[in-house]
Amino acid sequence: MENLLFIYNTLSRTKELFEPINPKFAGMYVCGPTVYGDPHLGHARPAITFDLVFRYLVHLGYKVRYVRNITDVGHLVADLDEGEDKIAVKARVEQLEPMEVAQYYADRYFYYMDKLNVKRPSIEPRASGHIIEQILMVEKILEAGYAYLVNGSVYFDVEKYSKTYDYGKLSGRVLDDLLSNTRSLEGQDEKRNSADFALWKKAQPEHIMRWPSPWGEGFPGWHLECSAMSTKYLGEYFDIHGGGMDLLFPHHESEIAQCQAAIGHESVKYWMHNNMITINGQKMGKSLGNFITLDQFFTGTHPSLQQAYNPMTIRFFILQAHYRSTLDFSNEALQAAEKGLKKLMESHNRLLKLIDGHSFEPDPKSKENWLDEAEKASPNIKELVNLCYQSMNDDFNTAILISHLFEAVRIINSESIEKPSLKSLDLLVLRSLFQTFVSDILGLKDEKSNDQGELLDGLMQLVLAIRQKSRETKDWGTSDQIRDALQKLKITVKDGKEGSAWNVE
RNA sequence: GGUUUCGUGGCCGAGUGGCUAGGCAGCGGUCUGCAAAACCGUCCACAGCGGUUCGACUCCGCUCGAAACCUCCA
């Protein structure tokens, strides 16, 4: 089966066939977090979106290098008039070294991303560790004539750049509008044009984060790190650059301009942007003060949360929407996701039991070559496998993929051991389908079974066997006593035709 | 004001020029010692107004509404 993957390229605003620059290899750069605050739901979206892309590219057989940066210098606080470095501000408040703050929040970020089963990228470079590369890039842009030096700061000359190239091609902005929209140039502004942006900024005396440079002590402009680090680790032309839609302008637009100016050509083939998570229809973000941290989600400690939500619920919630759509947060929606995920996972467990119930010995090779096996499966199963691939190949449409997986759930739940209608091969193909799409690609895992281990499983087998005996003698008192006691331990017993099943909470 | 995008049923959320999205909730059944689960069936839709078309939720235009980014700043 041949997989033709189509990716929506923000640059062309169409879905394009993914053809890697170097066959069999894929390079991907994604804008990571600025580590000055606890990770919130807004951080989870791009992390999970591009984790999905990473996983799927790997699944398709590409050798992927996935680079996601840690921004630990340079950003300025938007709502502070002084325009201080975000990390520097926080450092003064908490009386810590700036790098101590960055380290703390980077660790927090990794911790919560691990909880969400987000795979670690191949490389996670830090801006602070690439000051030299950034300085070299500024020098290249200066040499090329697209930047100018003022009082120890270097600015990118957007107007000059626009005479040859198209500044605005990614975000659809028109330079004349950008220029004409800003008549109120203040006297102290060093920039020639309002649209210009800093490549290197001179550090003010109170500025803690600073590095020496050919232009004096300062720090890099915030668009620069991504250009410098993507070039360093992925080369001057690479496949995918991703990030949130909020970064489209000016960040990514400026990255394009920087690379064009420094390298002489564009560096990115496919631009991908995930949409925002909204809360009451409004973007969830640090600067808006309406964000909910991941820790608050996992513990349920936020006024607007009715309960705690476990990491897989949040992952599933995010994957139920297409990555280019806004996703509106609400307790109702999350609870629906929680139930849906539970249904999916329990169906998977049921499938495994169905396979256990069969006395056939599956060929160990069948797991690796399951797509060949799928060709021989019943038509509806075979079609299901195809549909799952089709939905992923259509710009990673996880919403559709999940709807197909629920078709698999229906098939599995309708199957009975006593009156089997599926071939044993079908069951094995379904198992591989779950393994591939639910576990490997969507990255969903059954937290309960992982946590509990074999001990609990064995104990439950025993308890349920004893209860079954009491039920056979119609000793409902004992039967219900066991069930009620287990329920108090958050273990639900479900009696079916083929014995009793159980699950934790 | 500019740029980009969106407006789908009780909630979330896909998609398409004519054919079922899916999940959650509701309703009616089946099963069951009871409960839960599961299965079957079912209700609720495409912001408004025009246009193109044999036919539009799907294309075009306008109106209304919403969001992100920009408009001060790196």
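These figures come from a predicted structure and were not determined experimentally. Proteins get letters first, then strands, A, B, ... in listed order; numbering begins at 1 in each. Values below: all heavy atoms of this structure, side chains included; hydrogens, waters and symmetry mates excluded.
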Fill in: Pairs satisfying ring-ring contact (aromatic ring centres under 6.0 Å, His included), at least one member in residues 313-357 of chain A, at least two apart
A:Phe297-A:Phe329, A:His348-A:Phe434
Worksheet entry | C1' atoms of B:rC59 and B:rC46, separation to the nearest Å | 16 Å
Practice prompt. Check if the side chain of A:Ser403 and the base of B:rG23 share a donor-acceptor pair of N or O atoms closer than 3.5 Å.
Written response: no
Worksheet, complete the sentence: Contacts of A:Ala337 and A:Ser479 projected onto RNA chain B by closest heavy atom; the upstream (5') one is A:Ala337
Worksheet item: Expressed in whole Å, how much space separates the P atoms belonging to B:rA36 and B:rG28?
Response: 14 Å
Worksheet item: Does A:Trp476 stack onto the base of B:rG33, taking stacking as ring centres under 5.5 Å apart and planes under 30° apart?
Response: yes
Discussion item. Generate the contact string for nucleotides 11-20 of chain B. Rules: B means base contact, S means sugar-phosphate contact only, - means no protein heavy atom under 4.0 Å.
Written reply: SSSSS-----
Worksheet entry | Nucleotide nearest A:Arg173 (side chain, heavy atoms from C-beta), chosen from B:rG22, B:rC69, B:rG33 | B:rC69
Practice prompt. Go through B:rA74, B:rC39, B:rG22 for me and flag the one nearest to the A:Arg410 side chain.
Written response: B:rC39
Item to complete: Indicate, yes or no, whether a donor-acceptor pair under 3.5 Å links the base of B:rA35 to the side chain of A:Arg483.
Response: yes
Worksheet item: Taking the inter-plane angle between the rings of A:Tyr167 and A:Phe197 on a 0 to 90° scale, is it parallel (under 30°), tilted (30 to 60°) or perpendicular (over 60°)?
Response: parallel
Response to the item:
The answer to which of A:Ile411 and A:Lys474 contacts RNA chain B further toward the 5' end, by nearest nucleotide, is A:Lys474
Worksheet item: Taking only side-chain nitrogens and oxygens of A:Lys343, does any of them come within less than 4.0 Å of OP1 or OP2 of B:rA37?
Response: no
Worksheet item: Does the side chain of A:Lys342 get closer than 4.0 angstrom to OP1 or OP2 of B:rC24 through an N or O atom?
Response: no
Fill in: Side chain of A:Asp246 - closest among B:rA74, B:rC69, B:rC34
B:rC69
Practice prompt. Give one of base, sugar-phosphate or nothing for A:Phe197, where a contact means two heavy atoms less than 4.0 Å apart.
Written response: nothing
Discussion item. Quick check: A:His223 with A:His252 (ring centres under 6.0 Å apart)?
Written reply: no
Practice prompt. Quickly work out the A:Tyr36 OH to B:rA74 C1' distance and round it to whole Å.
Written response: 13 Å
Worksheet item: Could A:Arg192 and A:Tyr155 be counted as a cation-pi pair, given that NZ or CZ must be under 6.0 Å from the ring centre and within 45° of the axis?
Response: no
Response to the item:
Per atom distances to the A:Lys201 side chain, the nearest of B:rC70, B:rA74, B:rC34 is B:rA74
Worksheet entry | B:rA25 to B:rG33 separation - C1' atoms, rounded to the nearest Å | 29 Å
Worksheet item: Hey, what's the ring geometry for A:Tyr389 with A:Phe437, parallel, tilted or perpendicular (30° and 60° as the breaks)?
Response: perpendicular
